[in-house]
Peer 1: 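Sharing a structure here in structure tokens format.
Predicted model only: the values in this text are computed from it and were never measured. Values below: all heavy atoms of this structure, side chains included; hydrogens, waters and symmetry mates excluded. Counting begins at 1 with the first residue of the sequence.
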Amino acid sequence: MILDKIIELALLEDLSLGDITSDTIFTPEDRAEAAVTAKEDLVLCGMNVAKEVFAAVDPSVEFLPLKKDGDAIKKGEKVLELKGPALSILKAERTALNFMQRMSGIATASREYAEIGKKYGVMIVDTRKTQPGLRRLDKYAVRTGGARNHRISLADSVMIKDNHIAAAGSITAAVNKIKAAIGHTPKVEVETTNLQEVKEALAAGADIIMLDNMTPEQILDCKKEIAGRAIIEVSGGVNKSNLESYCKTGVDVISMGALTHSVPAKDLSLKIVKYIK
């Protein structure tokens with residue numbers, strides 16, 4: 001249902017007023033065969049979404065996958081073939097490629113970052129810093145690459161952040177309010193920015209302590225204080241260039257907005273390989 005709505009809105013951007021070029025050049029009877037090829041190395045993602053895009057434009061288009069989501073693709077490899085009305089293939093082309101390119105970019109980065117984390121036993125997870133309206137797809141791409149998901153929505157888990165603490169008056173007050181309302185079973189995560197806040201979060205009974213925007217040296221001090229009494233998550237300012245230095249601290253989880261908010265799309269191209277008039 002969500003995917004249907006996403007695809008419907010995406011196609012409206014391109015096709016709400018038709019396709020003046022293709023509609024002028026081709027007739028509905030003109031048929032074509034096409035192939036989608038990787039123009040750079042990548043981890044493939046978005047095949048099922050692309051299939052649904054072509055089906056939404058024209059169910060008669062044959063979608064013939066040659067690879068599957070999660071496959072490591074080399075530059076020049078074909079990932080799928082298409083057969084059907086030329087008009088339909090061309091009308092769906094850009095929307096299908098946009099999804100595949102963004103999702104493959106996220107999956108590729110997630111694979112790279114997850115492999116770095118694995119060397120040190122650190123779980124790499126995403127954040128809610130996703131493209132508005134595309135969160136389910138972004139997070140699916142993260143999983144496809146081998147990293148893990150943090151919260152998908154605000155209802156998924158308790159995370160007490162700086163604004164909650166400011167409004168409640170303190171970390172202790174915020175944790176107490178949460179625990180009084182929801183009971184003992186859900187885990188409570190608290191965002192902290194210094195060692196004193198870490199101590200307060202521990203005393204209040206936090207299950208997960210996020211160390212936000214700290215240096216590796218500060219993290220090591222906080223880790224010594226926590227001493228296994230809570231799960232340690234690191235977040236804020238982590239990117240490809242410094243990820244390994246954070247992994248070396250031996251924390252449990254590193255959450256990275258960079259997995260989704262600023263990953264470049266991967267280059268995939270659709271070309272007509274045969275035209276039948």
Peer 1: Would you check if Leu268 and Leu42 make a side-chain contact, meaning some heavy-atom pair closer than 4.5 Å?
Peer 2: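 Yes, side chains in contact.
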Peer 1: For Lys75, give me all partners under side chain to side chain donor-acceptor pair (under 3.5 Å), at least two apart in sequence or on another chain.
Peer 2: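 By the side chain to side chain donor-acceptor pair (under 3.5 Å) rule, Lys75 matches no residue at all.
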Peer 1: Is the backbone of Asn239 close enough, under 3.5 Å, to the side chain of Asn242 for a donor and an acceptor to pair up by distance?
Peer 2: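 Side chain of Asn242 to backbone of Asn239, a donor-acceptor pair under 3.5 Å: yes, one is there.
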Peer 1: State, yes or no, whether a side-chain contact exists between Ile226 and Val198 at a heavy-atom distance under 4.5 Å.
Peer 2: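 Sidechains of Val198 and Ile226: in contact.
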Peer 1: Quick one: salt bridge (charged side-chain N to carboxylate O under 4.0 Å, His left out) partners of Arg229, sequence neighbours excluded?
Peer 2: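 Expected list: Glu225.
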Peer 1: Could you go step by step and tell me if Lys118 and Glu115 meet the salt bridge (charged side-chain N to carboxylate O under 4.0 Å, His left out) rule?
Peer 2: CA-CA 5 Å; Lys118 191 181 298 182; Glu115 289 298 321; 3.3 Å; yes
Peer 1: Mind checking side chain to side chain contact (heavy atoms under 4.5 Å, CB included) for Ser88 and listing every partner two or more places apart, or none if nothing turns up?
Peer 2: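 Partners of Ser88 by the side chain to side chain contact (heavy atoms under 4.5 Å, CB included) criterion, ordered by chain and then number, come out as Val57, Asp58, Val61, Pro85.
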Peer 1: Hey, is the main chain of Lys266 close enough, under 3.5 Å, to the side chain of Ser104 for a donor-acceptor pair?
Peer 2: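 A pair under 3.5 Å: no.
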Peer 1: What pairs of residues pass the ring-ring contact (aromatic ring centres under 6.0 Å, His included) test when at least one of them lies in residues 126-151, not counting sequence neighbours?
Peer 2: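 For residues 126-151: none.
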Peer 1: Do Leu211 and Met214 come close enough that some side-chain heavy atom pair is under 4.5 Å?
Peer 2: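 A side-chain contact under 4.5 Å exists here.
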Peer 1: Does some side-chain heavy atom of Arg148 sit less than 4.5 Å from a side-chain heavy atom of Arg143?
Peer 2: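 Of all side-chain heavy-atom pairs linking Arg148 with Arg143, none is under 4.5 Å.
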Peer 1: Is it the case that the side chain of Asp23 and the backbone of Ile20 share a donor-acceptor pair, with hydrogens and angles ignored and the cut-off at 3.5 Å?
Peer 2: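 The answer is no, because no donor-acceptor pair under 3.5 Å joins these two groups.
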Peer 1: One pair to check against side chain to side chain donor-acceptor pair (under 3.5 Å): Thr27 and Asp30. What are the steps and the verdict?
Peer 2: CA-CA 5 Å; Thr27 72; Asp30 295 337; 3.2 Å; yes
Peer 1: Are the side chains of Leu137 and Ile6 in touch, meaning some heavy atoms are under 4.5 Å apart?
Peer 2: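 Side chain of Leu137 against side chain of Ile6, heavy atoms only: contact under 4.5 Å found.
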Peer 1: Pairs of donor and acceptor atoms involving the side chains of residues 43-55, under 3.5 Å and at least two apart or interchain, shall be tabulated with distances.
Peer 2:
none

Peer 1: Ring centroid separation for Tyr246 and Tyr120, is it under 6.0 angstrom?
Peer 2: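 Aromatic pair excluded; centres sit 6.0 Å or further apart.
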Peer 1: Spell out, as yes or no, whether a donor-acceptor pair under 3.5 Å connects the side chain of Lys179 to the backbone of Gly205.
Peer 2: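 Side chain of Lys179 to backbone of Gly205, a donor-acceptor pair under 3.5 Å: yes, one is there.
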Peer 1: Ion pair present between Lys139 and Asp126, side-chain N to carboxylate O less than 4.0 angstrom?
Peer 2: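 Here Lys139 pairs with Asp126 in a salt bridge, since their nearest N and O are under 4.0 Å apart.
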Peer 1: Distance check, rounded to the nearest 0.5 Å: Ile73 atom CD1 versus Thr37 atom OG1?
Peer 2: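 Answer for the CD1-OG1 pair, Ile73 versus Thr37, is 10.5 Å.
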Peer 1: What residue among Lys67, Lys74, Lys68 forms salt bridge (charged side-chain N to carboxylate O under 4.0 Å, His left out) with Asp71?
Peer 2: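 So, applying the salt bridge (charged side-chain N to carboxylate O under 4.0 Å, His left out) to Asp71 and each of Lys67, Lys74, Lys68, only Lys68 qualifies.
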Peer 1: What heavy-atom pair brings Ala72 and Glu77 nearest, and what distance separates the two atoms?
Peer 2: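 Ala72 and Glu77 have their closest heavy atoms at O-OE2, 4.2 Å.
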Peer 1: State whether the number of non-hydrogen atoms from other residues, nucleotides or ligands found under 6.0 Å of Ile276 atom CD1 is greater than 12.
Peer 2: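 Yes, because the 6.0 Å sphere around CD1 of Ile276 holds more than 12 heavy atoms from other groups.
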Peer 1: Quick check: closest heavy atoms across Ala10 and Thr95, and the distance to 0.1 Å?
Peer 2: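 Closest approach of Ala10 to Thr95: CB-CG2, 3.7 Å.
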Peer 1: Would you compute the distance between atom OG of Ser110 and atom CD1 of Ile106 and round it to the nearest 0.5 angstrom?
Peer 2: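 Those atoms lie 7.0 Å apart.
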Peer 1: Under a 3.5 Å distance rule, please check whether Asp207 uses its side chain to pair with a backbone N or O of Val188 as donor and acceptor.
Peer 2: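 Judged by distance alone, yes, a pair lies under 3.5 Å.
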Peer 1: Atom CD in Glu244, atom NZ in Lys119: separation rounded to 0.5 Å?
Peer 2: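 If I round to the nearest 0.5 Å, the distance is 4.0 Å.
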Peer 1: Ignoring hydrogens and angles, tell me if any N or O in the side chain of Asp267 forms a donor-acceptor pair with the backbone of Glu40 under 3.5 Å.
Peer 2: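 No, because the side chain of Asp267 does not come within donor-acceptor range (under 3.5 Å) of the backbone of Glu40.
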Peer 1: Taking C-beta and beyond as the side chain, do Ile254 and Met123 meet within less than 4.5 Å on heavy atoms?
Peer 2: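 A side-chain contact is absent here, since even the closest heavy-atom pair is not under 4.5 Å.
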Peer 1: Partners of Glu62 by salt bridge (charged side-chain N to carboxylate O under 4.0 Å, His left out), sequence neighbours excluded?
Peer 2: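 So Glu62 forms no salt bridge (charged side-chain N to carboxylate O under 4.0 Å, His left out) with any residue.
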Peer 1: Report the distance from atom CD1 of Ile171 to atom CG of Asn176, rounding to the nearest 0.5 Å.
Peer 2: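 Those atoms lie 11.5 Å apart.
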Peer 1: With a sphere of 6.0 Å drawn around CG of Leu9, does it hold more than 12 non-hydrogen atoms of other residues, nucleotides or ligands?
Peer 2: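 Yes, because the 6.0 Å sphere around CG of Leu9 holds more than 12 heavy atoms from other groups.
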Peer 1: To the nearest 0.5 angstrom, please state how far the CD atom of Glu189 sits from the CD1 atom of Ile178.
Peer 2: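 The distance works out to 12.5 Å.
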Peer 1: With side chain to side chain donor-acceptor pair (under 3.5 Å) as the test, pick out the partner of Asp138 among Arg102, Lys129, Arg128.
Peer 2: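 Filter result, single survivor: Arg102.
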Peer 1: Taking side chain as C-beta onward, heavy atoms only, is Met256 less than 4.5 Å from Val234?
Peer 2: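 No - every pair of side-chain heavy atoms lies 4.5 Å or more apart.
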Peer 1: Any luck finding a side-chain donor-acceptor pair between Gln131 and Thr260 under 3.5 Å?
Peer 2: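 Result is no, nothing qualifies.
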Peer 1: Does some side-chain heavy atom of Gln218 sit less than 4.5 Å from a side-chain heavy atom of Asn194?
Peer 2: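 In short, these two side chains do not touch, never coming nearer than 4.5 Å.
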Peer 1: With rounding to the nearest 0.5 angstrom, report the CD to CD distance, Glu197 to Glu200.
Peer 2: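 These two atoms lie 7.5 Å from each other.
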